[in-house]
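These notes concern the structure reproduced below.
Everything numeric here is computed off the predicted structure, so don't read it as measured data.
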2 protein chains.
Amino acid sequence: MARTNDEARRAWQLLMRFFFRQRGQLPACGDQFGLSPVQCHVLHLLEPDDPMPMSRLAKTLSCDASNVTGLVDRLETRGLVERRPAAGDRRVRVLGLTPTGSRVRGELLRHVSGRPNPLTRLTPDERRALVRILERLLDEQDG
Amino acid sequence: MARTNDEARRAWQLLMRFFFRQRGQLPACGDQFGLSPVQCHVLHLLEPDDPMPMSRLAKTLSCDASNVTGLVDRLETRGLVERRPAAGDRRVRVLGLTPTGSRVRGELLRHVSGRPNPLTRLTPDERRALVRILERLLDEQDG
DNA sequence: AATCAATATTTGAGCTTGTCAACTATTTAA
DNA sequence: TTAAATAGTTGACAAGCTCAAATATTGATT
């Protein structure tokens with residue numbers, strides 16, 4: 001068990017290190033659209049035909065609901081996203097992409113695909129292994 | 001090549017998703033010490049007998065030097081870290097742990113080891129694979 | 001039907017993180 | 001010795017966050 005925790009800690013530390021080092025190239029993604037990394041991620045999460053309630057976004061981002069309010073405010077000001085009423089529940093605001101938002105999201109994805117990220121340097125096997133591991137980690141996390 | 005980029009993008013997206021979801025449990029690490037996630041990471045990076053110049057920290061964190069100034073200010077106020085003059089170059093400030101900082105760092109590591117992080121749930125093989133992959137990614141990055 | 005607890009979102013205060021431009025001090029190179 | 005590069009700081013300012021408090025709705029229980 002001690003062994004397991006040590007290794008898990010080591011992996012975690014490497015992950016952190018990787019992320020911080022990588023961060024420098026992150027802003028480049030949304031820079032030409034004037035989007036911050038978090039905003040890019042939100043746009044990435046928000047699929048054109050699958051709007052989600054703000055509360056779900058908060059859960060996905062693991063942050064306070066009030067944070068999402070500000071986040072969405074800024075995206076809405078830019079005309080990328082809109083709050084819509086929810087069908088059955090008048091408390092809920094459902095988040096959807098505007099046509100502009102949908103277009104920008106597309107450009108963003110193409111742009112990210114275009115510029116090779118550091119993961120490109122892995123061998124196909126390694127990449128597959130990484131994807132499999134991450135999928136497992138994400139699956140088990142919540143119901 | 002298109003295939004490669006698509007897969008790399010998928011892996012990247014998963015990584016982002018994982019990180020944001022994980023973030024919720026991150027503050028818990030340093031909470032009892034009153035440390036933010038970034039501060040924890042800096043403490044983690046700063047090994048007791050291997051002080052580093054602020055400029056190197058900025059590089060490691062991929063952020064502006066002025067950001068490091070504030071970061072270190074706050075850590076210094078808490079008495080965890082101190083700026084020391086560098087041997088050969090009077091422009092340079094070398095960052096070292098104070099005795100307190102060293103102790104807190106130790107507690108922090110033990111604390112993190114203690115509470116099982118999500119990576120604990122991987123099989124040993126998967127964990128080894130993950131560590132190997134991350135090490136490769138970090139190695140190749142810079143000289 | 002009236003009430004009470006839970007849920008979704010917003011507001012406002014306040015902190016940390018982060019960037020940029022401008023400035024000082026030192027070092028290095030021409 | 002002047003000029004260009006490097007290390008760090010400062011000040012202004014935006015964004016990302018959290019917390020506590022307030023509003024509006026919904027759901028469950030009497």
Side-chain angles (χ1 to χ4, degrees), chain A residues 16 19-31 33-43 45 51-78 80-95, chain B residues 16 19-31 33-43 51-78 80-96:
Chain A
M16 290 292 291
F19 239 81
F20 272 100
R21 190 178 300 179
Q22 209 38 43
R23 198 174 47 166
Q25 289 160 24
L26 252 189
C29 298
D31 231 18
F33 308 104
L35 294 171
S36 76
V38 189
Q39 290 173 332
C40 284
H41 189 227
V42 171
L43 225 56
L45 286 171
M52 67 165 86
M54 301 186 57
S55 52
R56 205 173 107 212
L57 185 54
K59 244 172 235 149
T60 308
L61 296 179
S62 309
C63 71
D64 195 86
S66 63
N67 190 24
V68 172
T69 299
L71 226 48
V72 170
D73 280 349
R74 287 181 287 269
L75 285 171
E76 208 172 26
T77 310
R78 284 189 167 89
L80 302 174
V81 143
E82 60 187 8
R83 290 163 160 102
R84 300 171 193 151
D89 192 334
R90 278 189 303 180
R91 292 169 300 180
V92 176
R93 305 297 206 118
V94 176
L95 235 50
Chain B
M16 291 292 291
F19 238 82
F20 272 100
R21 192 178 299 179
Q22 210 38 43
R23 197 174 47 166
Q25 290 162 23
L26 251 189
C29 298
D31 231 18
F33 308 103
L35 294 172
S36 75
V38 188
Q39 289 171 333
C40 285
H41 189 225
V42 171
L43 224 56
M52 66 165 90
M54 302 187 58
S55 53
R56 204 171 108 212
L57 185 54
K59 245 173 233 148
T60 308
L61 296 179
S62 311
C63 71
D64 195 86
S66 63
N67 190 24
V68 172
T69 298
L71 225 48
V72 170
D73 280 349
R74 287 181 288 268
L75 285 172
E76 208 172 26
T77 309
R78 286 191 165 89
L80 303 174
V81 142
E82 58 187 10
R83 291 162 159 104
R84 300 173 193 149
D89 192 333
R90 278 189 302 179
R91 293 170 299 180
V92 177
R93 305 298 205 115
V94 176
L95 234 51

One character per nucleotide, please: for nucleotides 4-9 of chain D, 5' to 3', B when the base has a protein heavy atom closer than 4.0 Å, S when only the sugar-phosphate does, - otherwise. -BBSSB
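Note: CG (L35(A)) to P (dA15(D)) measures 11 Å, nearest angstrom. Look at CD on E76(A): it is 13 Å from C1' on dT10(C), rounded to the nearest Å. In this structure, the CG atom of L71(A) is 17 Å from the C1' atom of dA8(C), given to the nearest Å. Distance, L57(A) CG to dG16(D) C1': 13 Å, rounded to whole Å. Atom P of nucleotide dA15(D) and atom CG of L61(A) are separated by 17 Å, given to the nearest angstrom.
Partners of R84(B) under the side chain to side chain contact (heavy atoms under 4.5 Å, CB included) rule, at least two apart in sequence or in another chain, are P51(B), E82(B). Residues passing the side-chain hydrogen bond (donor to acceptor under 3.5 Å, both in side chains) test with N67(B), sequence neighbours excluded: none.
Looking only at distances, no side-chain donor or acceptor of Q39(A) sits under 3.5 Å from a matching main-chain atom of L75(A).
Across R83(A) and T69(A), no two heavy atoms sit closer than the pair NH2-O, 3.4 Å. Heavy atoms only, all atoms of each residue included: A65(B) and A58(B) are closest at CA-CB, 4.2 Å.
Checking L57(A), V68(A), V38(A) one by one against C63(A), the side chain to side chain contact (heavy atoms under 4.5 Å, CB included) holds for a single residue, V68(A).
Residue R90(A) places no side-chain N or O under 4.0 Å from the OP1 or OP2 atom of dA24(D).
Residues G70(A) and F20(A) each lie close to DNA chain C; by heavy-atom proximity, the contact nearer the 5' end of the strand is made by G70(A).
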